[in-house]
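Counting from 1, the numbers follow the sequence of the chain as shown. Keep in mind the model is a prediction, meaning the values are calculated, not measured.
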Amino acid sequence: LYQGTSVGRKKCGRKRCTTRRGDRTLRKIVEKDRFQTLGDLRKQWTESGVETSRATVYRRVQEMGYRCRIPQVKPLLNQKQWQKRLTWATEKQHWTVAQWSKREMPKCLKSSVKYPQSVMVWGAMSAAVNAASYQEILEHFMLPSAEKLYGDEDFIFQHDLAPAHSAKTTGKWFTDHGITVLNWPANSPDLNPIENLWDIVKRKLRDARPNTLDELKAAIEASWASITPQQCHRLIASMPRRIEAVISAKGFPTKY
């Protein structure tokens with residue numbers, strides 16, 4: 001719940017079913033915990049002696065100037081982390097879309113559905129692995145993909161700070177292969193547009209509703225294949241806006 005402009009009580013022909021005293025009790029319940037649902041509020045209000053409907057709770061909450069919203073879930077950042085995000089964004093502030101386009105963006109993901117089966121995924125990204133297996137994936141999948149995409153041109157590789165990514169042996173692997181790795185601030189999924197691609201895949205999986213392991217694999221491949229180059233380009237083009245959003249938020253989480 002968040003509080004907006006106070007709204008006065010509407011006058012209508014129907015008799016008000018709660019008292020001012022009861023309404024004051026509801027306000028105390030709301031202000032005690034702003035993350036409660038209407039169901040939670042109704043339960044507590046009933047326990048206090050005010051028997052009423054969910055619709056009445058909703059109306060009273062509106063009259064008090066509150067609005068019902070689902071809170072966004074964002075990573076918890078400490079002062080050091082948001083400062084690093086701000087510094088990182090400031091350094092990348094003048095990067096062009098063309099520069100962001102030459103950035104490999106892998107992501108660890110274990111895709112699963114509400115069924116007994118689950119499957120690991122690679123799509124120019126790695127599954128959840130340890131450092132040694134991550135380096136094998138880079139060797140056998142990332143390198144051929146990068147060669148196909150960029151040829152002899154230089155590119156910058158980006159991954160987050162998962163343990164397999166930040167391991168010393170992984171850093172040595174990149175150094176040995178002459179690949180530049182983009183420095184990355186912790187707890188920053190809002191800066192990584194590939195998160196949006198995974199969200200597309202997950203939404204399509206919910207629509208597919210696979211029942212077996214083979215169906216799950218086929219659904220993942222189909223959903224990934226359905227992502228268009230235009231969608232990818234739009235996400236890459238959003239990077240300057242993401243950078244500006246982090247700077248405006250002084251390093252704190254953004255809407256992305």
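Within the 4.5 Å cutoff, side-chain heavy atoms of Arg241 are placed close to those of Tyr256. Between Tyr58 and Arg42, every side-chain heavy-atom pair lies at or beyond the 4.5 Å cut-off. Put simply, the side chain of Ser48 does not reach to within 4.5 Å of the side chain of Lys28, judged on heavy atoms. In this structure the side chain of Thr180 never reaches within 4.5 angstrom of the side chain of Asp154, judged on heavy atoms. Two residues are said to be in side-chain contact when any heavy atoms from C-beta on lie closer than 4.5 Å; Pro189 and Leu191 fail this criterion. In this structure the side chain of Ser133 reaches within 4.5 angstrom of the side chain of Asn130, judged on heavy atoms.
Atom CD1 of Ile156 is separated from atom CH2 of Trp95 by 4.0 Å, given to the nearest 0.5 angstrom. Between the CG atom in Asp160 and the CG atom in Leu182 there is a gap of 11.5 Å [rounded to 0.5 Å]. The line from CZ of Arg242 to NZ of Lys92 is 15.5 Å long, rounded to the nearest 0.5 Å. From Leu197, atom CG reaches atom CD1 of Ile227 across 4.5 Å, with rounding to the nearest 0.5 Å. Interatomic distance, CG of Asn192 versus CD of Gln158, reported as 4.5 Å (0.5 Å rounding). To the nearest 0.5 Å, atom CG of residue Leu26 and atom OG1 of residue Thr52 are 9.5 Å apart.
Side-chain N or O atoms of Ser248 include one that pairs as donor or acceptor with a backbone N or O of Glu244 at under 3.5 Å. In this structure, the side chain of Trp173 does not engage the main chain of Glu136 through any donor-acceptor pair within 3.5 Å. Side-chain atoms of Thr170 do not come within 3.5 Å of backbone N or O of Ser166 as any donor-acceptor pair. Distance alone, capped at 3.5 Å, is enough to place a donor-acceptor pair between the Ser188 side chain and the Ala186 backbone. Judged by distance alone, the side chain of Asp190 and the main-chain N or O of Pro253 form no donor-acceptor pair under 3.5 Å. Using modelled atom types, one side-chain atom of Asp40 and one backbone atom of Thr37 make a donor-acceptor pair closer than 3.5 Å.
Ring pair His165/His159 is parallel by interplanar angle, where below 30° counts as parallel and above 60° as perpendicular. The aromatic rings of Trp88 and Trp184 stand perpendicular to each other, their planes meeting at an angle above 60°, with 30° marking the opposite boundary.
The shortest non-hydrogen separation linking Pro185 to Arg85 is CB-CG, 3.7 Å. Scanning all heavy atoms of the two residues, the minimum distance from Ala131 to Ala164 falls at N-CB, 3.8 Å. For Gly22 against Val50, the heavy-atom pair with the smallest separation is CA-CG2, 4.1 Å. Contact record, Lys204 with Ser226: CE-OG, 3.0 Å, taken as the closest heavy-atom pair. Pairing each heavy atom of Leu205 with each of Ala219, the nearest pair is CD2-CB, 3.5 Å. Val246 approaches Ala89 most closely through the heavy-atom pair CG1-CB, 3.7 Å.
Neither side chain, Lys84 nor Asn183, offers a donor N or O lying under 3.5 Å from an acceptor on the other.
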Verdict with reasoning, Ile200 to Trp224, per side-chain contact (heavy atoms from CB on, under 4.5 Å):
CA-CA 8 Å; Ile200 293 172; Trp224 182 262; over 6 Å; no
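By the 4.0 Å N-to-carboxylate-O rule, Glu63 lies close enough to Arg60 to be salt-bridged with it. At a threshold of 4.0 Å, the pair Asp23-Arg27 does not count as salt-bridged, since none of the basic side-chain nitrogens sits closer than that to a carboxylate oxygen.
Annotation: Glu147, atom CD; neighbour count of heavy atoms from other residues, nucleotides and ligands within 6.0 Å does not exceed 12.
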